[in-house]
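Keep in mind the model is a prediction, meaning the values are calculated, not measured. So you know, we letter chains A, B, ... as the sequences are listed, proteins then strands, and number each from 1.
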There are 2 protein chains.
Amino acid sequence: MSDTVPMRRAAQRPDAESQLRALERLETECRVRGCRLTRQRRAVLRALLAEGGALSAYELLERLRRVDSRCTPAGVYRALEFWMTAGVVHRLQSTRSFILCEHPEAPHPGQLLICRECGQVIEAEDKGVVAAAIRLGERLGFVLDRHLVELTGVCGPCRAQGRAGDSGRSPTT
Amino acid sequence: MSDTVPMRRAAQRPDAESQLRALERLETECRVRGCRLTRQRRAVLRALLAEGGALSAYELLERLRRVDSRCTPAGVYRALEFWMTAGVVHRLQSTRSFILCEHPEAPHPGQLLICRECGQVIEAEDKGVVAAAIRLGERLGFVLDRHLVELTGVCGPCRAQGRAGDSGRSPTT
DNA sequence: GCCCTTATTGATACAATATATCATTTCGAT
DNA sequence: ATCGAAATGATATATTGTATCAATAAGGGC
Ligand SMILES: [Zn+2]
Ligand SMILES: [Zn+2]
Ligand SMILES: [Zn+2]
Ligand SMILES: [Zn+2]
């Protein structure tokens, strides 16, 4: 517990099992769509599963290289791109990192809640937020096709642990 | 109209005038808070005003160098950091760029709507979106202090011009 | 299994974005 | 005029993300 790196509630994500099942489904899905479920792509997915949270592309690269020293940034980004297109991985713009989708069954607009203390990321699919966003788009004449909603704050457990921070100020972009 | 670069509805932003007035206010504000409204910081603000839209840090650097060749990336980032803290500039995570706040009177959680055709960015302060986000946070036990909401799509004028794109698919992260 | 087509990778180089450090300068107050 | 805090200039470097193209490997038809 006296690690120098910020603690990370690892492997706490809902269901590694069901995600592996989802992976099976992807395998067939891929074949249908004419793209390939390759070693490297599996490796990226496995690394993200093992981490149980978000990883930057280069953190991912480091892990992959432990197994296969020939991995390159380009390869990692290509695999990530592939999975993002498939809706299996999301990119966290506010932390420049990547995380497994928790509902990879179907593409969906999601919201990512990030705890600035423990780094935990929770993915939500909140109808209210999406509806409000779409209404806003309509009001301003936009037809939206990409929702980026990342909400940063402090999660319950971290507040309970006393690491409250100054939660007094109003939410800002 | 046969330009190779994507058109940009420049200088269409609401009110360059009132933003300059807001700048005056900042000047005094700064003095109170013990920070300085310097040449470089003004330059960054002027460049963003002149552009009338979003600029990347290095696009900004290029413009500043036309006037003062000693500008450096660090300087630009420092000035941007300063203005972001002051709530005068927002960072667009999805395009790695920076844009003037349209309501710099007070800090606020905002939503940025980005047209993928013309690059136009509209800033909104939609109570509905903010309320939904806060409710979502509460539901998941988070106390939020930073809202990142960037909605990408096609604006009205661009759709009217026929550049509709495939607007059939559902919004995704 | 073997061949063929094509998606994917490996290797390398490079582009774009962002920060660290520290001596020097500037600003504003005394 | 002098002093101290804040900001800049200059330089180097870290981090993040792409381009290119020859070599490879995956999957489908035989
Ligand atoms: Zn998801
Ligand atoms: Zn936490
Ligand atoms: Zn604003
Ligand atoms: Zn447009």
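- The side-chain heavy atoms of R39(A) and D68(A), taken from C-beta on, include a pair separated by under 4.5 Å.
- One can place CZ of F82(A) at 14 Å from P of dA26(D), the figure rounded to the nearest angstrom.
- For the residue pair A54(A) and L92(A), the shortest heavy atom distance occurs at CB-CD1, 3.6 Å.
- Remark: R41(B) is in phosphate contact with dA7(D), judged by side-chain N or O atoms under 4.0 Å from OP1 or OP2.
- With hydrogens and angles left out, the side chain of R36(A) and the base of dT9(C) share no donor-acceptor pair within 3.5 Å.
- In terms of position on DNA chain C, the residue among A74(B) and T95(B) whose nearest nucleotide sits closer to the 5' end is T95(B).
- In terms of heavy atoms, Q40(B) sits closest to V76(B) at OE1-N, 4.2 Å.
- Taking all atoms of both residues into account, the shortest heavy-atom contact from G141(A) to R159(B) is O-NH1, 2.9 Å.
- At whole-Å resolution of the value, CZ in R39(A) and C1' in dA26(D) are 11 Å apart.
- Atom-to-atom, CZ of R70(A) to C1' of dT9(C) comes out at 9 Å; the value is rounded to the nearest Å.
- The 5' end of DNA chain C is approached more closely, in terms of each residue's nearest nucleotide, by A79(A) than by the other of Y58(A) and A79(A).
- Here R96(B) reaches the OP1 or OP2 of dG17(D): one of its side-chain N or O atoms lies under 4.0 Å away.
- If you measure from atom CG of L61(A) to atom P of dT9(C), you get 14 Å, rounded to the nearest angstrom.
- Each of T38(B) and T72(B) was assigned the nucleotide of DNA chain D with the nearest heavy atom; the assignment lying further toward the 5' end belongs to T38(B).
- Here dT18(D) presents its C1' atom at 14 Å from CG of L80(A), a figure rounded to the nearest Å.
- Between Q40(B) and dG9(D), a side-chain N or O to OP1/OP2 separation shorter than 4.0 Å is present.
- Smallest separation of non-hydrogen atoms from A124(B) and L136(A): CB-CD1, 3.8 Å.
- In this structure, R91(A) is not positioned above the aromatic face of F98(A) in the sense of NZ or CZ being under 6.0 Å from the six-membered ring centre and within 45° of the axis.
- Going from atom CG of L55(A) over to atom P of dT16(D) covers 12 Å, rounded to whole Å.
- Rounded to whole Å, atom C1' of dG17(D) lies 15 Å from atom CD of E59(A).
- Residue-to-nucleotide contacts include a donor-acceptor pair under 3.5 Å from the side chain of R78(B) to the base of dG9(D).
- For the residue pair E123(B) / H108(B), a side-chain donor-acceptor distance below 3.5 Å is found, with atom types taken as modelled.
- For the pair Y77(A) OH and dT9(C) P, the computed distance is 16 Å after rounding to whole Å.
- An angle of 30°, rounded to 10°, separates the two end axes of the helix from dG1(C)-dC30(D) to dT30(C)-dA1(D), each defined over five pairs.
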